2 protein chains.
Amino acid sequence: MPNSSEGQSVRRDAIRQLLQKRPAATQKSLVEALVERGFVATQSSVSRDLREIGAIKTAGGYALPRAAAAGDEELAQVADLLVDLKSAGPNLLVIRTETGAAQRVALALDRCKWPEIVGNVGGDDTVFTATASAAAQRNLITRIGHATSRHWQLLHTHRSQM
Amino acid sequence: MPNSSEGQSVRRDAIRQLLQKRPAATQKSLVEALVERGFVATQSSVSRDLREIGAIKTAGGYALPRAAAAGDEELAQVADLLVDLKSAGPNLLVIRTETGAAQRVALALDRCKWPEIVGNVGGDDTVFTATASAAAQRNLITRIGHATSRHWQLLHTHRSQM
DNA sequence: GATATATGCGCATATTTATGCGAGATCATT
DNA sequence: AATGATCTCGCATAAATATGCGCATATATC
């Protein structure tokens, strides 16, 4: 059952966790580790996932870029300020915050330096976050959920594709 | 004419420079760039060089880890304090400094976080720098020379192999 | 200088990684 | 519910990367 059955972002999250624990020597070894954890995936997918995640390959194996790990904390600090989260097309995520907190949230998102985020602008109680693709956006939503320990339910507004 | 005909460190230096300008998409492209600059090398060598240099492969191509670039400046600042430089076996580099400056130099070397350096200790006018191998040591010497814009002539003391 | 040991490198090739393509799958629109 | 646009993913395979081996050269020791 392919397609955006959220399985992808969960798997990528799992990969991030694995990499955080220890670098992975090869993609095959990652596949095996994933299988152990109940995921089904092939080397192909892992290859694509790693690109998407922004992982780097060092002499010691695949690892997360330093910023990727750090980002979570930035966000966690402003978790309480988040109110709502809506997608407006695949390239724009609209985040509602407590009034007056948008700037702070936008700043936190900036500091995360996540590859999914192209850029942010914060108004008063709204942050616009630009994403490169629908996939990146989905991913981002999962990551925000993860970092804020909150389950965001995404009510898509009309998906005006373009 | 293979072997430690210092060609290796020079080539690795060239690779570092290339990577500093822009990431390299593939090793083949690096080989070509090297050839353009008058080097002779195969993909095999470049593969080994990259490992040695500590380069990482990102989605954008091969690049130097941030520290690698930064290190040079650290060292440049203490360049004047260096007096002499001798190897004592493949694993130990003995650096003479102005009196009282050894600590400072050792600190700078630490901060470089170069992969060639296993560790440093600074006394009063002498720094001991541990290297993992003869190759690493040669490499290190070139890099120090490069960073300090100085040509160190290495009088080896007896090379007690072991 | 002769011998022993360690090292650099290219070649050929094994191993690993990336990708074109087609098959489901989902969702918006009509 | 049919149509179409857009995704994800696995397969097969192309492309890229790593490495065992052997020669040539350098270095150490005698």
Side-chain angles (χ1 to χ4, degrees), chain A residues 1-12 15 24-32 34-35 39-53 55-62 87-91 131-139 142 154-162, chain B residues 1-12 24-32 34-35 39-53 55-62 87-91 131-139 154-162:
Chain A
M1 54 96 199
N3 204 5
S4 38
S5 53
E6 79 150 353
Q8 189 188 61
S9 355
V10 183
R11 187 184 62 235
R12 288 184 182 169
I15 293 181
T26 69
Q27 299 184 357
K28 187 146 69 84
S29 73
L30 261 182
V31 171
E32 286 157 10
L34 283 173
V35 168
F39 291 88
V40 192
T42 59
Q43 173 264 323
S44 314
S45 299
V46 171
S47 170
R48 293 187 258 246
D49 287 346
L50 287 172
R51 191 205 350 272
E52 211 60 34
I53 288 176
I56 63 180
K57 188 183 186 183
T58 72
Y62 289 94
S87 140
N91 300 311
T131 48
S133 68
Q137 190 182 70
R138 261 195 301 281
N139 228 257
T142 321
L154 178 57
L155 339 162
H156 333 180
T157 60
H158 264 213
R159 175 88 64 98
S160 66
Q161 193 65 260
M162 83 127 260
Chain B
M1 53 105 198
N3 204 2
S4 41
S5 54
E6 80 148 353
Q8 188 188 62
S9 354
V10 183
R11 186 184 63 237
R12 289 183 181 168
T26 68
Q27 298 184 358
K28 185 145 72 83
S29 73
L30 261 182
V31 170
E32 286 158 8
L34 283 173
V35 168
F39 291 88
V40 192
T42 59
Q43 173 265 322
S44 314
S45 299
V46 171
S47 170
R48 295 187 257 245
D49 286 346
L50 287 172
R51 187 200 0 265
E52 212 60 34
I53 287 175
I56 62 180
K57 188 184 186 183
T58 72
Y62 288 94
S87 138
N91 300 311
T131 48
S133 68
Q137 189 183 72
R138 261 195 301 282
N139 227 257
L154 178 59
L155 339 163
H156 342 174
T157 62
H158 264 211
R159 175 87 64 99
S160 65
Q161 189 68 262
M162 89 120 257

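Remember, predicted model here, so these are calculated numbers, not experimental data.
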Can you sort out the partners of Arg12(B) under salt bridge (Lys or Arg N to Asp or Glu O under 4.0 Å), two or more places apart, ordered by chain and number? Asp49(B)

Compare every heavy atom of Ala41(A) with every heavy atom of Leu34(A), then report the nearest pair and how far apart it is. CD1-CB, 4.4 Å

Can you list the residues that meet the side chain to side chain donor-acceptor pair (under 3.5 Å) rule with Gln43(B), with sequence neighbours excluded? Gln27(B)

d(Tyr62(B) OH, Leu30(B) CG) to nearest 0.5 Å is 8.5 Å

Separation of dT17(C) atom C1' from Leu30(A) atom CG, nearest Å, is 13 Å

Rounded interatomic separation in angstrom, taking CD from Gln137(B) and C1' from dT27(D): 14 Å

Rounded distance in Å - CZ (Phe39(B)) to P (dG8(C)): 17 Å

Determine the minimum heavy-atom distance between Arg11(A) and Phe39(A), stating which atoms define it. CA-CE2, 3.7 Å

Every protein N/O lying under 3.5 Å from an N/O of nucleotides 14-18 of chain D:
residue	atom	partner	partner atom	Å
dT17(D)	OP1	Tyr62(B)	OH	3.0
dT17(D)	OP2	Gln27(B)	N	2.9
dA18(D)	OP2	Gln27(B)	NE2	2.5
dA18(D)	OP2	Ser47(B)	OG	2.9
dA18(D)	N7	Gln43(B)	NE2	2.9
dA18(D)	N6	Gln43(B)	OE1	2.9

Just report the end-to-end axis angle for the helix from dG1(C)-dC30(D) to dT30(C)-dA1(D), five pairs per end, to 10 degrees. 40°

Roughly, in whole Å, what's the span from CD1 in Ile15(A) to C1' in dC9(D)? 13 Å

For Thr42(B) and Val31(B), work out which heavy atoms get closest and say how close. C-CG2, 3.8 Å

